[in-house]
Amino acid sequence: MRLRKKMDKKLSIIFMALWLTGCAPFTENNIIEELSPVTFLSLSKGDEGKIKISTILPSLSKEKKSVMTEEVSLIKEGLRNFNINFYQETKTGQMRMLIINEDLAKNEGIMSIINVLLTDPDISLRIYLVIVKGNFEEYLENKLDKEENLDYSFYRMLKHYEEENQGEFSVVNLYEFEKMLYTPYSDPFLPVFKIENDAISYEGTALFQKDKLVEITATFDDRIFQLLHNNHYLAVLPIPELKVVLGHVRSKTKVDINKSLSTMTYTVKIDSRIEEYRGEKRLFDPKDLEDLKKDIQSYFEKQTQELVKKMQELNVDPLQLGIHTLKPFSKPMDEKKWIELFEKMDIKIEYQINIKPLTDSNAKS
């Protein structure tokens, strides 16, 4: 009896030690030959409220790859089913992208998806979030035989534009999206890619009201968005309506709100140069160049006014204009009250365009 009590006491001590150190008596399988890392997940709407979850397996092996798809109620259930139906155990520690279908983001929102990622210690906060228009699973099936590493190529493209900071399109990771989602005076945005004719291309930027997609800015609206908020730089900016292409476009923004919070003046300073022009003005003539500059300024002001007006109507603030209401030693305004003010606010858009004189860039001094 005494021996049994001693054994029970020893087992209790061992159990407590394991529990306090965070160790479990069950070890995970970490044998490389028996594992298959998941490099991305694609999520779309399924039937009867379910969700389709897809990936490519095996992702890093030289073996023939295939698209795996599960229709489930929960994301973790889908990952479990991958393990059951694949000969290797899948791991999410190498995940680099989460691709979300447009319909899912519009109709159901992505809050629950984001929370799954944030509570999984294996998933990095640096993974890229992307919205896709079209059937991404079908695209994978059609392209896999022609381009085995298409998932890695997609990831490298996102990483390139994030590192180069060129502002060609929005690049957002999980950490940035979480910050925009849970920070006051801020609404999230994500890049949108479109699948068409067996090809995938950048479409624009998805604007979110909290966690639901409400609008996609495309073409010139998206160029403006990049200048106003994202990277404030564009290597090339075509303006087909004016038959001109601007290059090395840099912007600085300034926001002034009056004391009554009824009027906002949004000033944008642009420094650029003309890369191409196919209009009728003679650009080496200072007067014609000045006239073109005024035309560009008017066009920017009109398009930006329409974009900001659309944001007001949608009650979204991806430009984080609300932070300009914060004052030292005063209580921050309630975010709901800010959105109500923002919706009715008179916003004046002013551009100051500086275009470098036309010169022969190849001429020797």
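Throughout, residue positions are numbered sequentially from 1 according to the sequence presented.
- Using a 4.5 Å cut-off between side-chain heavy atoms of Ile, Leu, Val, Met, Phe, Trp and Tyr, with links allowed through other members, L150 and M97 fall into the same hydrophobic cluster.
- Between F169 and Y161, the ring-plane angle classifies as tilted under the 30° and 60° cut-offs.
- Note that CD1 of I195 is 11.0 Å distant from NZ of K143, once rounded to the nearest 0.5 Å.
- With respect to R282 and D288, a salt bridge is recorded, a charged nitrogen being found less than 4.0 Å from a carboxylate O.
- In this structure a side-chain-to-backbone donor-acceptor pair under 3.5 Å is present from Y202 to G204.
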T119 vs N115, side chain to side chain donor-acceptor pair (under 3.5 Å): CA-CA, chis, key distance, verdict:
CA-CA 6 Å; T119 55; N115 288 337; over 6 Å; no

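- Closest of all the heavy-atom pairs between F342 and Q312 is O-NE2, 2.7 Å.
- Side-chain atoms of S170 do not come within 3.5 Å of backbone N or O of L190 as any donor-acceptor pair.
- Contact between S262 and M345 at its shortest, heavy atoms only, is O-CG, 3.5 Å.
- Remark: the T304 side chain and the Y351 side chain contain an N/O donor-acceptor pair separated by less than 3.5 Å.
- Here the CG atom belonging to L158 is positioned 11.0 Å from the OG atom belonging to S153, to the nearest 0.5 angstrom.
- For the pair Y185 (side chain) and M333 (backbone), a donor-acceptor distance under 3.5 Å is present.
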Can you list the steps and then say if F193 with Y139 is a ring-ring contact (aromatic ring centres under 6.0 Å, His included)?
CA-CA 12 Å; F193 287 82; Y139 167 77; over 10 Å; no

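- Across all non-hydrogen atoms, the minimal contact from V236 to R223 is O-NH1, 4.5 Å.
- Side chain to side chain, E350 and Y266 fail the donor-acceptor criterion of an N or O pair below 3.5 Å.
- In this pair, F208 and F177 present their aromatic rings perpendicular. The plane angle is above 60°, beyond the 30 to 60° band.
- Heavy atoms from other residues, nucleotides or ligands lying under 6.0 Å from NZ of K133 number more than 12.
- Classified by interplanar angle (parallel below 30°, tilted 30° to 60°, perpendicular above 60°), the ring pair H248/Y233 is tilted.
- Counted by atom type alone, T69 and S54 present one or more donor-acceptor pairs between their side chains at under 3.5 Å.
- Between the E178 side chain and the L174 main chain, no donor and acceptor come within less than 3.5 Å of each other.
- Among all heavy-atom pairs drawn from I131 and A105, the shortest one is CD1-CB, 3.9 Å.
- I51 and L74 sit in two unconnected hydrophobic clusters of ILVMFWY residues. Membership requires side-chain heavy atoms under 4.5 Å apart, directly or through other members.
- With D334 contributing its side chain and W338 its backbone, the two residues share no donor-acceptor pair below 3.5 Å.
- A side-chain contact (heavy atoms from CB on, under 4.5 Å) with M311 is found for exactly one of V214, I347, L207, L321, namely L207.
- Using a 3.5 Å distance cut-off with no hydrogens or angles, the side chains of T205 and D222 do pair a donor with an acceptor.
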How far apart are the C-alpha atoms of I257 and T263, what are their side-chain angles, what is the distance that settles it, and do they pass the side-chain contact (heavy atoms from CB on, under 4.5 Å) test?
CA-CA 6 Å; I257 302 178; T263 303; over 6 Å; no

How far apart are the C-alpha atoms of K287 and E290, what are their side-chain angles, what is the distance that settles it, and do they pass the salt bridge (charged side-chain N to carboxylate O under 4.0 Å, His left out) test?
CA-CA 5 Å; K287 183 181 181 304; E290 186 64 25; over 6 Å; no

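- Between the side chain of D317 and the backbone N or O of D187 there is no donor-acceptor pair closer than 3.5 Å.
- Ring to ring, F40 and Y128 are not that close: their centroids are 6.0 angstrom or more apart.
- In this structure, H229 has its ring center under 6.0 Å from that of F189.
- Atom OG1 of T217 and atom CD of E203 lie 9.5 Å apart (nearest 0.5 Å).
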Would S42 and E137 count as a side chain to side chain donor-acceptor pair (under 3.5 Å) if you check the C-alpha gap in whole Å, the side-chain angles of each, and the deciding distance to 0.1 Å?
CA-CA 8 Å; S42 171; E137 292 76 22; 2.8 Å; yes

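- Residue Y182 places its OH atom among more than 12 non-hydrogen atoms of other residues, nucleotides or ligands, all under 6.0 Å distant.
- Distance CG/D120 to OG1/T92: 4.5 Å, rounded to 0.5 Å.
- Remark: the backbone N or O of M111 is paired with a side-chain donor or acceptor of D211 at under 3.5 angstrom.
- Using a 4.5 Å cut-off between side-chain heavy atoms of Ile, Leu, Val, Met, Phe, Trp and Tyr, with links allowed through other members, M157 and Y155 fall into the same hydrophobic cluster.
- Between the side chain of S298 and the main chain of D295, no donor-acceptor pair closer than 3.5 Å is present.
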Please lay out, stage by stage, how E108 and K45 fare under the test side-chain contact (heavy atoms from CB on, under 4.5 Å).
CA-CA 9 Å; E108 299 183 20; K45 286 185 68 175; 3.5 Å; yes

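- Here the closest heavy-atom approach between residue N173 and residue R126 is recorded as ND2-NH1, 3.3 Å.
- Judged purely by atom type and a 3.5 angstrom limit, S272 uses its side chain to pair as donor or acceptor with the backbone of G247.
- We find the CG-OG1 distance between L319 and T253 to be 8.5 Å, quoted to the nearest 0.5 Å.
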Please evaluate residues L242 and Y277 with respect to the criterion side-chain contact (heavy atoms from CB on, under 4.5 Å), reporting the C-alpha separation (whole Å), side-chain torsions for both, the decisive distance (0.1 Å), and the verdict.
CA-CA 9 Å; L242 300 179; Y277 180 68; over 6 Å; no

Set out, in order, the CA-CA distance, both residues' side-chain angles and the distance that settles salt bridge (charged side-chain N to carboxylate O under 4.0 Å, His left out) for K356 and D271, then state yes or no.
CA-CA 8 Å; K356 295 179 182 178; D271 287 308; over 6 Å; no

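- I75 and V72 fall within the same hydrophobic cluster, where Ile, Leu, Val, Met, Phe, Trp and Tyr residues are linked whenever their side-chain heavy atoms come under 4.5 Å apart, directly or through other members.
- Put simply, the residue from K309, K310, K302 that forms a side chain to side chain donor-acceptor pair (under 3.5 Å) with E306 is K302.
- The existence of a salt bridge linking E196 and K194 is confirmed by a sub-4.0 Å separation between a basic side-chain nitrogen and an acidic carboxylate oxygen.
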Under the criterion salt bridge (charged side-chain N to carboxylate O under 4.0 Å, His left out), I'd like the reasoning laid out for R273 against E275: C-alpha separation, chi angles, the key distance, then a yes or no.
CA-CA 6 Å; R273 70 186 189 197; E275 296 279 339; 2.9 Å; yes

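- Within the 3.5 Å criterion, the main-chain N or O of H232 finds no donor-acceptor partner in the side chain of Q226.
- One finds no salt bridge joining E138 and K52 here, because no Lys/Arg side-chain nitrogen approaches an Asp/Glu carboxylate oxygen to under 4.0 Å.
- Residue I224 comes nearest to Q303 through the heavy atom pair CD1-CB, 3.5 Å, listed as atom of the first residue, atom of the second, then distance.
- Looking at T39 and Q94, their side chains never bring a donor and an acceptor atom within 3.5 Å of each other.
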So V132 and V130, side-chain contact (heavy atoms from CB on, under 4.5 Å) or not? Walk me through it.
CA-CA 7 Å; V132 166; V130 172; 4.2 Å; yes

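- Each of I270 and V245 belongs to its own hydrophobic cluster when Ile, Leu, Val, Met, Phe, Trp and Tyr are linked at side-chain heavy-atom distances under 4.5 angstrom.
- In this structure, CD on E241 lies 3.0 Å from OH on Y299, to the nearest 0.5 angstrom.
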